[in-house]
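What follows is a single structure, written as structure tokens, with notes after it.
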Amino acid sequence: MSQTRQERRRAERAAKKQGEQFKMHFELLQPWSTFVMKTQLPSSILEKMIRITDKIVDNAENEKSHGEHLAGQIKDELWVEHDILRKEEVMDFFLDVARNYVIQAFCQNEPLNRPAILAEEWYTQMLSMWIISQKDNEYNPTHVHTQCDLSTVMYLKIPEYLPNRKFNRQNDDGAITFSGPAGKDQRWGTPTMTIQPAVGDFYIFPASQQHWVYPFRTPDGKGERRSVSFNVIFSSKTEQEQLKKQEEERKQND
């Protein structure tokens with residue numbers, strides 16, 4: 001027997017009421033792994049970073065290279081001075097994004113201590129920033145970043161790639177891959193994540209996070225895949241106060 005409209009509405013109201021009764025609030029607890037945080041550059045920041053890096057890349061022969069400190073098999077890896085970032089008023093944005101990563105990472109690492117973590121004051125400091133002006137057939141081998149806590153990469157220009165030679169490997173050319181520990185059950189975890197970035201994508205991750213970038217080919221052989229990375233260290237107000245106290249005690253004992 002088919003239901004009348006009134007009966008259907010009554011049944012829908014009952015189902016909705018039951019769903020509300022059992023509505024659950026939850027949080028995911030996973031302190032045994034790190035994560036990559038993805039966000040987007042605001043259009044104003046993206047435009048400024050393209051303008052800043054255009055000037056440096058166009059004058060590459062006369063700019064300071066950072067390549068000798070990097071793993072990339074890439075000709076143009078160019079230093080970005082902090083003064084430029086302050087002048088263009090983008091430094092605070094980058095430090096704030098890094099600070100947010102630190103807060104979220106500690107909340108994941110110590111989920112039962114979340115209120116204290118959120119109440120803490122966290123400070124971030126940029127160490128070095130550099131441009132990766134990657135051209136056809138250049139690549140970045142598997143590596144980590146050293147002498148820092150966090151690393152980042154943002155994407156400013158992505159060229160048009162030639163079609164991949166292998167139909168089942170369409171996501172490789174010009175992609176970045178992150179690798180790390182995974183659960184033993186492969187249904188719930190995987191050791192790698194390959195991403196085909198888009199202009200404006202911005203990733204923040206632990207400095208110890210292994211990653212690499214594939215080479216690519218473009219129709220005229222003159223394509224540029226431009227990204228910018230910077231390294232960060234951080235501390236908390238509590239940590240700094242403890243260090244200050246230890247230093248004062250040391251001086252008193254000398």
Side-chain angles (χ1 to χ4, degrees), residues 26-46 48-50 70-71 80 85 90-132 140 142-158 171 174-183 188-214 225-236 239:
F26 62 89
E27 57 182 324
L28 302 179
L29 306 180
Q30 190 186 19
W32 41 80
S33 67
T34 57
F35 60 88
V36 175
M37 185 171 82
K38 178 185 178 183
T39 186
Q40 297 290 318
L41 294 174
S43 58
S44 60
I45 302 293
L46 175 61
K48 286 183 178 181
M49 290 306 297
I50 290 174
L70 305 173
V80 180
L85 304 177
V90 296
M91 175 65 88
D92 287 347
F93 167 77
F94 293 132
L95 294 180
D96 189 56
V97 172
R99 185 182 304 109
N100 274 281
Y101 181 96
V102 170
I103 293 170
Q104 294 305 317
F106 270 87
C107 285
Q108 173 170 301
N109 188 252
E110 303 175 35
L112 304 182
N113 196 34
R114 184 180 180 89
I117 293 167
L118 295 177
E120 179 65 270
E121 290 186 38
W122 300 94
Y123 310 116
T124 51
Q125 178 184 344
M126 183 186 296
L127 298 182
S128 55
M129 174 183 277
W130 64 97
I131 303 164
I132 304 96
N140 221 324
T142 304
H143 67 287
V144 299
H145 294 197
T146 59
Q147 299 180 339
C148 57
D149 297 316
L150 302 177
S151 297
T152 72
V153 61
M154 67 192 81
Y155 294 91
L156 307 183
K157 294 187 179 183
I158 302 292
N171 199 40
I176 182 170
T177 294
F178 295 97
S179 68
W188 303 111
T190 179
T192 62
M193 176 176 62
T194 297
I195 300 168
Q196 192 60 252
V199 171
D201 286 353
F202 185 19
Y203 296 91
I204 305 90
F205 48 93
S208 58
Q209 173 78 56
Q210 288 194 334
H211 57 288
W212 63 90
V213 177
Y214 288 96
R225 177 189 182 278
R226 185 185 300 176
S227 60
V228 170
S229 289
F230 63 86
N231 291 336
V232 173
I233 58 175
F234 73 90
S235 63
S236 67
E239 182 182 12

Over all heavy atoms of both residues, which pair between [X] and [Y] is shortest? Give the atoms and the distance, please.
X	Y	result
P31	P111	CB-CD, 4.3 Å
C148	I233	CA-CG2, 3.9 Å
I50	R226	O-NH1, 3.9 Å
I176	P197	N-CD, 4.4 Å
M49	V90	SD-CG2, 4.3 Å
T194	A175	CG2-CB, 3.7 Å

Any donor-acceptor pair under 3.5 Å from H143 side chain to H211 backbone: yes

Gap between atom CD of E239 and atom OH of Y123 - 0.5 Å precision: 11.0 Å

Atom pair CD/CZ of Q40 and F202 - distance to nearest 0.5 Å: 10.5 Å

[Y] side chain reached by [X] side chain, heavy atoms, under 4.5 Å:
X	Y	result
L46	L156	yes
R225	V213	yes
F205	T34	no
F178	I195	yes
I204	T39	yes
Q108	F106	no
L127	Q147	no

From Y101, F94, F93, residue fulfilling side-chain contact (heavy atoms from CB on, under 4.5 Å) relative to V97: F93

